[in-house]
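See structure below.
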Amino acid sequence: MPELPEIEHLRRSLEPFLVGAAVIGVRLHRADIAHRLGGPARRRILARELLAGSTISSLLRHGKNLAIVSDEQSGICVHLGMSGQLRFVPAGQKLAPSDHVHCVWRIAGPRDTGRLVFRDPRRFGGIWTFSSLEELQQNRWQALGPDAMSISAAALGSKLSKVKRPIKAALLEQSFLAGVGNIYADEALFAAGIHPISWAREIPGQAIGRLAGAIRKVMRQAVEAGGSTIRSYVDGNGQGGEYAAAHKVYGRAGQPCVVCGRTLEHGRIAQRTTVFCATCQRQYGYVR
DNA sequence: CCGGACTCCTGTGCGC
DNA sequence: TGCGCACAGGAGTCCG
């Protein structure tokens, strides 16, 4: 997926089409991608639970989760998993024939009438309905750590002091820090000069300060560039992002470090491919 | 309780 | 060109 920058850019790209829009109807083509956050789990999800008949008042994001909220504070939380897409297709514009379209909303918006389309080939993503913001908070967002876009050095430091894992594994954990995935974990660790295998609680305060700043900066720059499009990510208009061209380590194993020229190495941490520069990224603490 | 491994899916790109 | 395999931006669940 799509990590935090992609979801935040998606949120901004959909806002003009959706905020203030009326949801005329919805078609759920695959029932098993939709879930209910509160109430009976077995009963079929109703169209009105998927916003049909509602007016959209806001789009919220926490980590990699995007919530579409009605003026009655009910709505849906969308997670794109690895391969999900959420696009607005204006009326009259032909949607390129595609499979794996799981849900389509008919939208009468302030700018355009059209369709909101959710597709997700691998189906690691999904939709969770909620009947109030409290329900969204308590049953889903509360389990997430602080949002990576605004993480402070103090908050990061106090959390890291308890972690007995490599720093890379901690950054990927959504209950620890919400929004960072494999691309931006590697990019932020490179920017902060910290080796991904560093033992989290051995990292000194000064380096944690650099890391918090690097996470915020990488997130901000990636959002502005429209996110990273590796394979399938597109925003609400179907446009890819440009940030992949700015990657310094992710996807560059075997190529020279942009700072020192040493060949970038790669390994596997927390079951994820990890790329780093053994010269520019210092290892703190001992592992095993 | 914690951390590591496995699992869910489809698509793509590589080597043979 | 075709086939099989490894791997991919995520994260819930199980097990030691």
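The sequence lines fix the lettering, A, B, ..., with proteins before strands; numbering per chain opens at 1.
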DNA chain C in dot-bracket, Watson-Crick or G-U pairs under 3.5 Å, [ ] crossing, | other strand? .|||||||.|||||||
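Across the protein-nucleic acid pair, A/Arg268 atom CZ and C/dA8 atom P stand 5 Å apart, rounded to whole Å. Rounded to whole angstrom, the span from the NE2 atom of A/His266 across to the P atom of C/dA8 amounts to 10 Å. A/Leu172 places its CG atom 9 Å from the P atom of C/dA11, with the value rounded to the nearest Å. Between the NZ atom of A/Lys64 and the P atom of C/dG9 there is a distance of 10 Å, given to the nearest Å. Regarding A/Gln271, its CD atom lies at a distance of 15 Å from the C1' atom of C/dA8, rounded to whole Å. What separates CG of A/Leu144 from C1' of C/dA11 is a distance of 11 Å, to the nearest Å. Taking atom CE on A/Met219 and atom P on C/dG9, their separation rounds to 14 Å, with Å as the unit. Taking atom CG of residue A/Asp186 and atom C1' of nucleotide C/dA8, one finds them 14 Å apart after rounding to whole Å.
The distance from the CG atom of A/Leu66 to the CG atom of A/Leu80 is 7.5 Å, given to the nearest 0.5 Å. Distance check, rounded to the nearest 0.5 Å: CD of A/Gln73 to OG of A/Ser57 gives 5.5 Å.
Using a 4.0 Å heavy-atom criterion, one finds that A/Glu173 contacts no nucleic acid atom at all. Within the 4.0 angstrom heavy-atom criterion, only backbone atoms of the sugar-phosphate kind lie near A/Thr273; the bases stay farther away.
No salt bridge links A/Asp186 with A/Arg272; every basic N to acidic carboxylate O contact stays at or beyond 4.0 Å. Ion pairing of A/Lys64 with A/Glu6 is absent here, as no side-chain N (NZ or NE/NH1/NH2) approaches a carboxylate O to less than 4.0 Å. Checked for salt-bridge contact, A/Arg12 and A/Glu15 miss the test: no charged N lies under 4.0 Å from a carboxylate O. Checked for salt-bridge contact, A/Glu49 and A/Arg36 meet the test: a charged N lies under 4.0 Å from a carboxylate O. A salt bridge links A/Asp147 with A/Arg61: the distance from a Lys NZ or Arg NE/NH1/NH2 to an Asp or Glu carboxylate oxygen falls below 4.0 Å.
Separation of the P atoms belonging to B/dG11 and C/dG12 is 24 Å when rounded to the nearest angstrom. Comparing B/dG3 with C/dG9, their P atoms sit 23 Å apart, to the nearest whole Å.
OP1 and OP2 of C/dA8 both lie 4.0 Å or more from every side-chain N or O belonging to A/Arg272. OP1 or OP2 of C/dG9 lies within a sub-4.0 Å distance of a side-chain N or O belonging to A/Tyr250. Taking 4.0 angstrom as the limit, A/His79 places none of its side-chain polar atoms (N or O) nearer than this to OP1 or OP2 of C/dG10.
Nearer the 5' end of DNA chain B, as judged by each residue's closest nucleotide, is the contact made by A/Arg165, out of A/Arg165 and A/Phe124. Nearest-nucleotide assignment on DNA chain C puts the 5′-proximal partner with A/Val234, out of A/Arg140 and A/Val234.
Taking the six-membered ring for Trp and the full ring otherwise, A/Tyr284 and A/His195 have centroids separated by 6.0 Å or more.
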Polar atoms only, N or O, under 3.5 Å: list the protein pairs with nucleotides 10-13 of chain B and their distances.
| from | atom 1 | to | atom 2 | distance (Å) |
| --- | --- | --- | --- | --- |
| B/dT10 | OP1 | A/Arg123 | NH2 | 3.1 |
| B/dT10 | O3' | A/His100 | NE2 | 3.2 |
| B/dG11 | OP1 | A/His100 | NE2 | 2.8 |

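Smallest separation of non-hydrogen atoms from A/His62 and A/Leu144: CD2-CD1, 3.3 Å.
With distances taken from any side-chain atom of A/Tyr233 to the nucleotides C/dG9, C/dA8, C/dG10, the minimum falls on C/dG9.
In this structure, a donor-acceptor pair under 3.5 Å is absent between the side chains of A/Tyr233 and A/Gln239.
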